[in-house]
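All ligand and atom numbering here is 1-based and tracks the order in the structure.
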Amino acid sequence: MDWSDEDSISLRHLSRPRPRSAFRACVGRKIAGELLCLHGRPSPLGPRPASTQDGPVVPAVCESGGRSAGGPALGRGSLGEGLRGLCLCRRPGRAPGRCDDSAKVTQPVLTRPERPGSGRRLGGSLRVAVLGAPGVGKTAIIRQFLFGDYPERHRPTDGPCLYRPAVLLDGAVYDLSIRDGDAAGPGPSPGGHEEWPDPKDWSLQDTDAFVLVYDICSPDSFDYVKALRQRIAENRPAGAPEAPILVVGNKRDRQRLRFGPRRALAALVRRGWRCGYLECSAKYNWHVLRLFRELLRCALVRARPAHPALRLQGALHPARCSLM
Ligand SMILES: Nc1nc2c(ncn2[C@@H]2O[C@H](COP(=O)(O)OP(=O)(O)OP(=O)(O)O)[C@@H](O)[C@H]2O)c(=O)[nH]1
C-alpha cells in the first residue's frame, strides 16, 4: 500500500468549499470500481435512493441500545438476496440511518454463503473499529463514508455504536461492521480516567482493522492514539494475525492550526509504530473513502492465506506492506 502520495493532492479546495454536487461527481469518478458503499441512503457514492434500485434491499444494520435493529438480519443468506444496503436503526421516533444514541455492540454475524451467478463475488465479513479521543471526528468520518453527511455540531457519542453496511470493493461484496468505538479508549483525554472495555470485546481482540483517529490540532488526541495502539498490541491474543492499524489525522482543513509537521508525524507513525498514516478532512470528505479503501485492502491481504512462495517473499521483505 502506498500512502505517500498525499502531498500530490491539492488542499487548496479545502479553504473554499465546493458545491456538494462537484464533490459528488469527483468522488464518484475516482471511486467507481474500487470501493462503493452499498447503502440505502443517498450518499456521494450511491446517488440512487434504495427505492429506485432493482432487487430487494440488503440491510446494513445499525445496532443500537443492544437490541436488534428490527429489520432482516444481515448475515447468512441475507446478502445473497440482493446487493444494496440500508441502515436500519429502528428506534421509536428515529429515521432509518440515524444512530446517534447510546448503543451496545452486539455480536456481529460473520458468515455468509456465496451467491452464484450474481456477477459479484461475495467477499466475506470485516470488522473495523474506529477509535480515538472524544471530539476528533470519528462519527463524522464514518457518517461521511456511509451517508455522505457531516455533523456540524458535536454530539458526543454516548457509548459504542455499530454500523453494518455492505461495501463493494474490487468487485467483491463485503459485510462491514464498523464500530464507532468511543468508549473503547483510555477514558476522556487528556488526564482522563482509565476506562477500558472487556478484553473479550471484539473491537480489540478480533477486529480485522483499526482506524485510530486524532485531531491534527490536538496533541493530546495524538497521545491518546499512541496509548490506544499500545493497548491494541497488548490485547492481541498470541498467535492471532496482526490487524492493520491506520492512524488518521482528521480535520486537515484546519491545517494552519496543526500542532506538528505532517512529515514528522507520518514518519513516527510509519517507522516507529509500524502503522499506516493518513490525513483526512471529514468535513470536506477529503480522503475519507481512500482511508477505508486502503484499510480494507490491507486487512484483506492479511486475512487471505498466502501462497507458500509469497509467504517466503513476505518473510524476506517484512516491510513490504507500508501499513505496518
Ligand atoms: N473542521 C473540522 N471539524 C470536524 C471535522 N470532523 C469532525 N469535525 C467536528 O468535530 C466535532 C466532533 O465530531 P464527531 O464526529 O462528533 O467526533 P467524535 O470523535 O465522534 O466525538 P465523540 O462522539 O465525542 O467521541 C464536530 O463538531 C464536527 O463538526 C473535520 O474534518 N474538520
W286 to ligand 1, any heavy atom closer than 4.0 Å
no
What atoms in ligand 1 come closer than 4.0 Å to a heavy atom of P156?
23 (O), 24 (O)
Distance-only polar pair, side chains of T139 and D180, donor-acceptor under 3.5 Å
yes
For a 4.5 angstrom cut-off between non-hydrogen side-chain atoms, does L169 reach R293?
yes
Rounded to the nearest 0.5 Å, what separates atom CG in N250 from atom OG in S218?
11.5 Å
Hey, does S281 sit under 4.0 Å from ligand 1 if you only count heavy atoms?
yes
Check R252 against ligand 1 and report side chain, backbone, both or neither, counting heavy atoms closer than 4.0 Å.
neither
Test log, rule side-chain contact (heavy atoms from CB on, under 4.5 Å), inputs L212 and R229
CA-CA 8 Å; L212 304 187; R229 183 198 146 262; 3.9 Å; yes
May I ask you to list the atoms of ligand 1 that are less than 4.0 angstrom from any heavy atom of A140?
6 (N), 7 (C), 15 (O)
Go through ligand 1 atom by atom and flag the ones less than 4.0 Å from a non-hydrogen atom of D253.
1 (N), 2 (C), 30 (C), 31 (O), 32 (N)
Side chain, backbone, both or neither: the part of Y284 lying under 4.0 Å from ligand 1 by heavy atom:
neither
Using a strict threshold of under 4.0 Å (side-chain N to carboxylate O), is an ion pair present between E279 and R258?
yes
Is it the case that ligand 1 has an N or O less than 3.5 angstrom from some N or O of D180?
no
At under 4.0 Å between heavy atoms, is it the side chain or the backbone of R254 that contacts ligand 1, or both, or neither?
side chain
Just say parallel, tilted or perpendicular for the rings of Y214 and Y277, cut-offs at 30° and 60°.
tilted
Flag the pair R164 / S177 as yes when at least one side-chain heavy-atom distance between them is below 4.5 Å, and no otherwise.
yes
Is there any N or O on C280 that sits under 3.5 Å from an N or O of ligand 1?
no
Can you tell which part of I141 has a heavy atom less than 4.0 Å from ligand 1: side chain, backbone, both or neither?
neither
N/O to N/O below 3.5 Å, does that happen between R153 and ligand 1?
no
Salt bridge between R297 and D170, side-chain N to carboxylate O under 4.0 Å?
yes
Which of these, G135, A133, G132, C161, has its nearest heavy atom closest to atom 21 (O) of ligand 1?
G135
Given that the side chain starts at C-beta and the backbone is N, CA, C, O, which of these parts of V136 lies under 4.0 Å from ligand 1, counting heavy atoms, or is it both or neither?
both
Just so I know, are the side chains of I178 and F145 near enough to count as touching, which here means a heavy-atom distance under 4.5 Å?
yes
Can you check whether A282 has an N/O within less than 3.5 Å of an N/O in ligand 1?
yes
Where the closest heavy atom to atom 12 (C) of ligand 1 is concerned, which of H154, K283, R155 has it?
H154
Determine whether V128 and V211 satisfy the following criterion, side-chain contact (heavy atoms from CB on, under 4.5 Å), listing intermediate values before the conclusion.
CA-CA 7 Å; V128 175; V211 180; 4.1 Å; yes
